[in-house]
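Just so it is clear, the model here is predicted, and its values are computed rather than measured.
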Amino acid sequence: MKRHFIAFCALLLLWSTIPTAGYGAYHHQGEYDSPAFLEVYPDKAQTKLDSCALCHKGGTMGTKTYGSCQYCHAVYDFTAEPNAHGDMGTTLNSYGEAYRTAGRNATALSAIEDYDSDDDGYTNIVEILANRYPGDATDDPTKIPAPSRIYTKGQLEAMPLHTQFMLMNATRQNDNYVEYTGVPMKYLLDDAGIDLDAATSVIVYSPDGFSYTHPLNAPSDWTEGWEPDWENGEEILYHVYGNLPGLDIQYPASVYYYDTDASGWCEYTAPSCVGRNNGDSITVEGGLMAILAVKREGADLDVGVLNSENKLDGEGPFRVVVPQLIPNHPDQPKTSSNPDQVWPFEDYFDHNAGACSRTATIIKVLPLPEGTTDINTYEAGWSYVDSGKIVIYGAIDDGDQNGNGILDSEEYVEGTTYYQNPAAAYPRNAKGLDHVLILTSDGSMANVQVMTEDDPTISQTGRPSGTEFPYGAFKFTVTDIDPGAEVTISITFPDEVPAGSKYYKLSQTGGAWTEVPYTLSEDGKTITFTLTDGGALDADGEENGSILDPGTLGVPSKSGDNTDSDSHDSDSDWCFIGAASSPSLNSMLPVISLILIPFTAVWFRKKSDRGE
């Protein structure tokens, strides 16, 4: 009963996870440690330290490795009977242990500042000031974030896509035949500039803390009929880059298995199953391969959310999908109550579904380059789900000759030298693969980013209706100029700017969409406007030798409606309550409470198996 009450209280707090103008940290419901940390270190709000990973470590249970959040839930086991929960203290890292020993309050945090909890040679306070984890010896102030590439959904969908029909063989859930469409992982890793001389594997992360490690290449001894050494605990490892030894395909072909008696636990309902018969060969142009899926049966993947049991529902916007390395027929779930039916569960079958990470937001290429540390993975969690982005980082090309924040692997286009020009930025636009050229008449470009115009960091207050944004939004900083200086910015788009188009200055606060006057070039592709350091269009508002200018090009909608406007309402993660609040939502809380009460029982019946 107590568990139900806690879950219901969490439902009442669901309103606070709806994305607003800012991000909130992932603070567990009712906990007081994060508020204590922010009381002592208020400037660390919304940094990677403002999360459970500050005091908790990840870990492995069985064959699966979890991040700090999900590992704590797995160890504690919220479904256990009272007095049967696991010891949460075993999930603490060295900093968390020191904090607990010192008293577990704000005073304790100050008391352990001069400790070196992780024995890396730097005191806790030095690491905290540098935004480094004081409980992780691999993360210290001498290290810089590893090189990274961020991809938007629009960019991924503009890449060469691969469609494959395949069996998703699960361990504890139903099996199913389904068709996925996505970017081949090999193509994506090549596009990100993978360092093949150094890279050995990738780890795929989901924002609920789940992760899965994939080698780049197939087993060197693979032949038809190959199996791992099951008896000695060897498992199938699903590769994401190379082909099978001696073959020009990445994964072996498979066969469609159908049996009427299996229809209760193997799903044959997908449209792509129509017309197939038992024993048919599954023909896939280009062969089966590891892909970053963006569609299932031709439709966008259902966006992932955490349900009331802290388990992931949905699989989008992106899912890493790997076929079977040892093709076999479906088999019943391990928990089946009727093992005598057709195709009972087989321990030594290829259950590939559990290796297909749902709602993937991070692909980490190992090993990290020497002298680097993990990127701020806090920023690449649920906010990336909301904004439809995924980041690849680690052992990839780190070249950035002009120092603007866009790696050369993205900026370089044959016949151009913009990637060498400090006054230029030549990123892909957020809606596709075409490049947009941004030039400043003085100073240098820095911290260049692209994003969709409805990114959660952009206030939607004042967004014009009847307008489309074909290239998304751009954010950049002009540096190395005199305080108060005026610069001319030119932006060249891939196509002619339609008549009636407007360029808008954006911000994270209300009234963000400010029209910026511009002149248009003779060919109709380049707009030019001026910015002044500390002026009205400088987002930081200070005469400090730098100009911050996020903006977007709006063109008249063909339909007259704001067809690019997407709703960001999301169930998100009900057990965290740190998202920025809104007065209008606060005023709605009593109404939301009354609405949720009748549906509470339904939430408690929902079941989900994260690992499949």
Side-chain angles (χ1 to χ4, degrees), residues 152-155 157-158 387-388 404 406 410-411 413 415-419 421 423-443 445 447-455 457-460 462-478 486-507 511-532 535-539 547-566:
T152 65
K153 190 169 186 289
Q155 291 171 341
E157 291 181 334
S387 53
N404 64 11
I406 303 294
E410 176 177 348
E411 272 195 301
V413 175
T416 69
T417 58
Y418 300 123
Y419 69 100
N421 183 357
Y426 199 43
R428 290 171 173 167
N429 76 87
K431 301 292 186 72
L433 301 182
D434 289 331
H435 290 252
V436 172
L437 175 61
I438 308 172
L439 289 170
T440 177
S441 62
D442 190 16
M445 283 287 175
N447 304 319
V448 180
Q449 302 175 46
V450 300
M451 60 197 74
T452 57
E453 69 285 350
D454 52 5
D455 190 275
T457 62
I458 299 173
S459 171
Q460 299 302 298
R463 175 172 166 171
S465 61
T467 305
E468 297 178 0
F469 306 90
Y471 307 109
F474 308 91
K475 184 177 181 180
F476 57 87
T477 303
V478 180
E486 182 179 275
V487 300
T488 299
I489 300 295
S490 65
I491 304 179
T492 302
F493 300 97
D495 302 302
E496 290 186 19
V497 176
S501 298
K502 297 178 180 180
Y503 188 79
Y504 295 95
K505 170 69 181 297
L506 308 174
S507 79
W513 298 70
T514 303
E515 185 179 347
V516 179
Y518 66 81
T519 59
L520 187 64
S521 63
E522 289 187 7
D523 66 2
K525 294 184 177 181
T526 302
I527 65 172
T528 302
F529 51 90
T530 59
L531 298 174
T532 302
L537 299 179
D538 181 2
I547 301 174
L548 179 62
D549 182 54
T552 182
L553 180 72
V555 305
S557 172
K558 296 178 181 178
S559 65
D561 297 325
N562 196 357
T563 55
D564 267 13
S565 180
D566 296 323

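Separation of atoms OG (Ser490) and CD1 (Ile527) is listed at 9.0 Å; rounding is to 0.5 Å. With rounding to the nearest 0.5 angstrom, the CG atom of Asp455 is 9.0 Å from the CD atom of Gln449. Distance CD1/Ile489 to CG/Leu537: 11.0 Å, rounded to 0.5 Å. Distance check: Ile438 CD1 to Met445 CE gives 5.5 Å after rounding to the nearest 0.5 Å. To the nearest 0.5 Å, atom CD1 of residue Ile406 and atom OH of residue Tyr418 are 16.0 Å apart. The distance from atom OG1 of Thr528 to atom CD1 of Ile491, rounded to the nearest 0.5 Å, is 9.0 Å.
In this structure, Asp495 and Tyr471 have side chains that are in contact, with non-hydrogen atoms separated by less than 4.5 Å. By the 4.5 Å heavy-atom criterion applied to side chains, Arg463 and Asp454 are counted as neighbours. Taking the side chain as every heavy atom from C-beta outward, Tyr504 and Pro550 never approach each other to under 4.5 Å. The closest side-chain heavy-atom distance from Met451 to Ile458 is below 4.5 Å. Contact check for Leu548 versus Lys475: side-chain heavy atoms found under the 4.5 Å cut-off. The side-chain heavy atoms of Val436 and Asp434, taken from C-beta on, include no pair separated by under 4.5 Å. When side chains are defined from C-beta on, Thr467 does not count as touching Ser557, because their heavy atoms never get closer than 4.5 Å. Inter-residue side-chain proximity for Thr440 and Phe476 is flagged as unmet; no heavy-atom pair is nearer than 4.5 Å.
Using bins of under 30°, 30° to 60° and over 60° for the plane-to-plane angle, the ring pair Phe493/Phe474 lands in the tilted bin.
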Please assess Asp549 against Lys505 for the test side chain to side chain contact (heavy atoms under 4.5 Å, CB included), listing each intermediate value before the final yes or no.
CA-CA 7 Å; Asp549 182 54; Lys505 170 69 181 297; 3.1 Å; yes

Between Thr552 and Trp513, does the side chain to side chain contact (heavy atoms under 4.5 Å, CB included) criterion hold? Intermediate values first, please.
CA-CA 9 Å; Thr552 182; Trp513 298 70; 3.7 Å; yes

Run the side-chain hydrogen bond (donor to acceptor under 3.5 Å, both in side chains) test on Thr530 and Glu486 for me, step by step, so that the C-alpha distance in whole Å, both residues' side-chain angles and the decisive distance to 0.1 Å come before the verdict.
CA-CA 7 Å; Thr530 59; Glu486 182 179 275; 4.6 Å; no

What's the verdict on side chain to side chain contact (heavy atoms under 4.5 Å, CB included) for Tyr426 and Val413, showing C-alpha distance, side-chain angles and the deciding distance?
CA-CA 9 Å; Tyr426 199 43; Val413 175; 3.7 Å; yes

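In this structure, Thr152 contributes its side chain and Ala430 its backbone to a donor-acceptor pair below 3.5 Å. Side-chain N or O atoms of Ser441 include one that pairs as donor or acceptor with a backbone N or O of Thr488 at under 3.5 Å.
Residue Tyr419 qualifies as enclosed at atom OH: its count of foreign heavy atoms under 6.0 Å is above 12.
Taking a cutoff of 4.0 Å between a charged side-chain nitrogen and a carboxylate oxygen, Glu453 and Lys431 qualify as a salt bridge.
Contact record, Arg428 with Gly432: CB-O, 3.9 Å, taken as the closest heavy-atom pair. Residues Ala473 and Leu506 come closest through the heavy atom pair CB-CD1, 3.8 Å. The two residues Ala424 and Leu437 have their closest heavy-atom pair at CB-CD1, 4.4 Å. Taking all atoms of both residues into account, the shortest heavy-atom contact from Gly551 to Tyr503 is CA-OH, 3.4 Å.
When only modelled atom types and interatomic distance are considered, Gln155 and Asn429 share no side-chain donor-acceptor pair under 3.5 Å.
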